[in-house]
Every structure is written in structure tokens, then in C-alpha cells.
There are 2 protein chains.
Amino acid sequence: MKTKDRILQAALRQFNELGTDQATVRSIAEEVGISHGNLCYHYKNTDELIEALYLQLVAEISPFAESAFRPDIDLQEVWEQSWLTFQLMYRYRFLLLDFARIIRRIDSMRQNFRQLMVLRRQQFHHGLQQLIQRGWMEPEPLPGQYDHLVTQFLIVGNHWITESTIQFEQEGEEVVRYYHRAMMALLFPYLSEKGKQMHRELAPDGKSGL
Amino acid sequence: MKTKDRILQAALRQFNELGTDQATVRSIAEEVGISHGNLCYHYKNTDELIEALYLQLVAEISPFAESAFRPDIDLQEVWEQSWLTFQLMYRYRFLLLDFARIIRRIDSMRQNFRQLMVLRRQQFHHGLQQLIQRGWMEPEPLPGQYDHLVTQFLIVGNHWITESTIQFEQEGEEVVRYYHRAMMALLFPYLSEKGKQMHRELAPDGKSGL
DNA sequence: ATTATTTTAGAACAATTGTGCTAATTATTT
DNA sequence: AAATAATTAGCACAATTGTTCTAAAATAAT
């Protein structure tokens, strides 16, 4: 593997493990087995590492998000795509853990992300419209309600990882599943009968707790 | 005002303004007009300042949260109490901005907060029960659904400030109102007819956007 | 083969920050 | 008034970290 990739890999591991504060150019270089001067030749500082990993995540996630534009969207697919997205986000969890601070510091990331979020809102709204048209969801019960729903989706989607770390010691797939279900539950009250039935199949009960 | 209080006041201002990274014992001491050695006599380091402000916030918020235990709870009051809570949180927004990192660092805060969250969950559930009994809400439509609802409340409640900073440049009361409405909208689909009517009064439309 | 380019190691620098220390000053108590 | 305690200023130390620089080594190009 190329040195640049080995660096990114080690950086991701240390960021997730230690946080962006504790992981330094020196500690990462040590893990890769190169001098920190060398690492700085490839990535000038930790911010450049963070940005590179951010772009990597965005690139990996986009296909899932764009599936919301597909015209033949279906509730089960929404469930599965969002599940894959959650798993992906978890692999880059350091990013979502102190996203606010990173965004504040790195201008290019802030601009990129804000633009991305405008797109995401559109995608969510479009996805909802599709689900309504295909009889999975009921139309908006109150003007503005689906706009709130999108906001709720964004908050839960962007912050479930942070929430998990401030709530629990636990890590791993159980946590991911717990919060994925909590997010999908946002949809439930707006589903049609057909939608509710599908929802029950996708989320068989069993204690929802952790 | 006592020196300790003047320090806390300046610390809160700088934390909110600059973030917990940029605000240092030196910069805060300078604002208060004392030497940094003197500041360290009162609070050994910034972490102690953070913790003091955290305890201050918790103390101020608790009365609102405990109102959920009152037996004669009413939807309008829930709305108003949570609104006051949102405003209060906004005054301490630095805390919620990088809570995860703080929690990770300061053991006593982590333990205190986790315990608090167990209590909050109970309070939320109890509040929901009250609202059902008094005819504001419908009973749980699916086992576990209200548990998800509580989780959603906690995520939105804990992270709306962070979300606002990564989404918008804007600050101020409009932002607080926007997210407060988004959180209260979590409740809407579960309200009874009587509840929905009250909800419409409390949240008169007009564009919900920012 | 030799020239040029890329990559690497290691040292050195500068800036920041928390922390501790001492002595002086102020306030409180006896 | 004297003594004790609390508060304050300012210096200095140590550790960390990003950043830069130089020269050597490896790789690619001609």
C-alpha cells in the first residue's frame, strides 16, 4: 500500500481511538513507522489528515444518499440504505464526534459541508414525496411538519454517535442498530397502513433498549 | 461581585465566544483584570471552570425538568418549560457544543451526566404518561415507540445547538425557536385531537424555516 | 550511467499553555 | 494592635506541538 494510504489508515484508527486531540502527527507517524517530518511532507498537519478522511467519507456515503432520488424508492430500501450509511459513519466516528469544532476551524470543510446539507435536505424531501406517492406514507398532516421531520432526521443522523458516547460506555454494532432504529422510528407515525406493516417486519420487536 | 463570580462570568463569555480551545486561563484572567496566577488560585485550570459552569447549568435547569413530575402537567406547560430550558441551554452553549470531548476528559462530569440522563429518561417517560392520562396524547401505538421517542427527545435536546452551528452562521433567539419547534414537532403525531388543537395554537404557522 | 525528482529521517525552532512557586498585599480574626 | 489567613501578581519552568530546514537516500527519467 502507498505511504499516503497507510498514513490515512493509521490516522483514522488513532482519531477514532484517541480523539483528534491526542492523535498527533508524531504519534501517527510512529504507528506508520515513518518520521513525523516525512508525514508532514505528505500531509502538512492533522487538519489536512482530517479533511482527507472527511472527503473520503463523503465520497463513500454519497451513493447511498443519492438512492433517495431514485424514482422507484421503497420503504425497505430506505431502511437498508440508511443502515449501511450508519455503519459507514461509525467507521469514521471521530469525524462526527467533534464535528462542530472541526467545522469551526477548517474553512474548506465548513463550506463543503453546508453545501452538502442543502443537498441532503432536498434529497430527504424528495424521498418523502416518493414514499407518499407510492403509498408508504400519508401526506403531511400539518403544514411544515415534514420540514420539521427532515430537521429531526438531520439532527439524529448527524449526532447519534456523539449521543452514544455521552450516554454509554459501550461501542460496536449494537449501538449502531439502537440509534438506527431510533431514527427510523421518526417515520413510523406518518406511515400508511401498508407502511406500518412493513415497518413492523423491518423492526421486529424484542427489547429496543441497549 | 466576588472575584470567583466575575471569573465564571468572563469564562462563560469567552467559552461561548471563542470555544474551550481558544479561551485560556490567561485570556480569561486578562478579561477579569487579574493575573493568571490569581485565577489559578481560584480555579486550578480551565477544566475546573468548565465543571463549575456545568454544575451551574444543571442547577438552573433542574427545576424545569422536574416540572415533568408534577401530576397536573399540561401540554402548554410542557411547551413553556422546554422553551425556557432551551433558552437556558443557549446561554451555556459552549458546553453543549463540544460536550463529548469534555465528557471524555473530565471523569466527574461524565459520571454526573450519565446519572442525570437516567433520571431524565424517567422524567420524560413519566411526563408522557401524564399527558396520556390527561387526554393530551394517545397511548403508545407500537411497543417501544415511546422509548424511541424519548431517545429522539434526548438527541434533539442535547445536540440542537451543535447542529445549529454546523448548519448556519446565524445565532440568537430565532435559532433557538427554530429548533425548539423542531423538537416539539416530535410530539405532534402522537397528540390527541385536543392536543393537536393546542399544538396549533402554540405553534402558529408562518414559515417554519430560518 | 548520470541527472533530476521524489521521498525520507532527524534535528532544531518557536509558540503556547498549564502548573508551581515566592513574595507582597489585603482582609479577617483575636 | 498583632497575628493569622486569604488573596493577589508575576516570574519561571517543563512539556507539547506544529512547523521548517537540511541533507541523505531512493526512485524515476533521460
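For the numbers below, each heavy atom of this structure counts, side chains included, while hydrogens, waters and symmetry mates do not. Below, chain A is the first sequence line, B the second, and so on; all start at residue 1.
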Report task. Look at the rings of F168(A) and Y179(A) and say which category their plane angle falls in: under 30° parallel, 30 to 60° tilted, over 60° perpendicular. Result -> tilted
Requested in this report: Take the protein atom CD of E30(B) and the nucleotide atom C1' of dG10(D), then report the distance between them rounded to whole Å.
Outcome: 14 Å
Query raised in the report: Just to confirm, is there a sub-4.0 Å distance from OP1 or OP2 of dT16(D) to any side-chain nitrogen or oxygen of T24(A)?
Result: no
Query raised in the report: How close or far is atom C1' of dA11(C) from atom CZ of R26(A), stated in whole angstroms?
Result: 10 Å
Report summary line: The Watson-Crick or G-U wobble partner of dA28(D), with both key distances under 3.5 Å, is dT3(C)
Could you list, one pair per line, each protein nitrogen or oxygen that sits under 3.5 Å from a nitrogen or oxygen of nucleotides 20-22 of chain D, together with the distance?
from, atom 1, to, atom 2, distance (Å)
dT20(D), OP2, K44(A), NZ, 3.3

**Report entry** Check: F113(B) ring centre within less than 6.0 Å of F99(B) ring centre
**Finding:** yes
Query raised in the report: Atom NZ of K2(B) to atom C1' of dT26(C): distance rounded to whole Å?
Result: 13 Å
Query raised in the report: So does D147(B) pair up with R121(B), basic N to acidic O under 4.0 Å?
Result: yes
Requested in this report: Identify whether NZ of Lys or CZ of Arg in R93(B) sits under 6.0 Å from the centre of the six-membered ring of Y90(B) and within 45° of that ring's axis.
Outcome: yes
Query raised in the report: How many Å lie between CG on N38(B) and C1' on dC11(D), as a whole number?
Result: 15 Å
All N/O pairs under 3.5 Å across the protein-nucleotides 4-6 of chain D interface:
none

Query raised in the report: In terms of side-chain heavy atoms of T46(B), which of dG10(C), dT8(D), dG18(C) is nearest?
Result: dG18(C)
Query raised in the report: With the threshold set at 4.0 Å, does a side-chain nitrogen-carboxylate oxygen contact exist between R101(A) and D98(A)?
Result: yes
Query raised in the report: When you look at CD of E174(A), are more than 12 heavy atoms from neighbouring residues, nucleotides or ligands closer to it than 6.0 Å?
Result: no
Requested in this report: Give the ring-plane orientation class for F86(B) versus W160(B), where under 30° counts as parallel, over 60° as perpendicular and anything between as tilted.
Outcome: parallel
Report summary line: note: Q22(A), atom CD; dT16(D), atom C1'; distance rounded to Å ~ 11 Å
**Report entry** Separation of atom CD1 in I34(A) from atom P in dA26(D), rounded to whole Å
**Finding:** 16 Å
Query raised in the report: Would you say T3(A) reaches dT7(C)'s phosphate, i.e. side-chain N/O to OP1/OP2 under 4.0 Å?
Result: no
Query raised in the report: Between dA15(C) atom C1' and D21(B) atom CG, what is the distance in whole Å?
Result: 16 Å
Report task. Calculate the interatomic distance between R105(A) atom CZ and dT17(D) atom C1'; express it in whole Å. Result -> 13 Å
Query raised in the report: Within the structure, does a side-chain N or O atom of N45(A) lie under 4.0 Å from either OP1 or OP2 of dT19(D)?
Result: yes
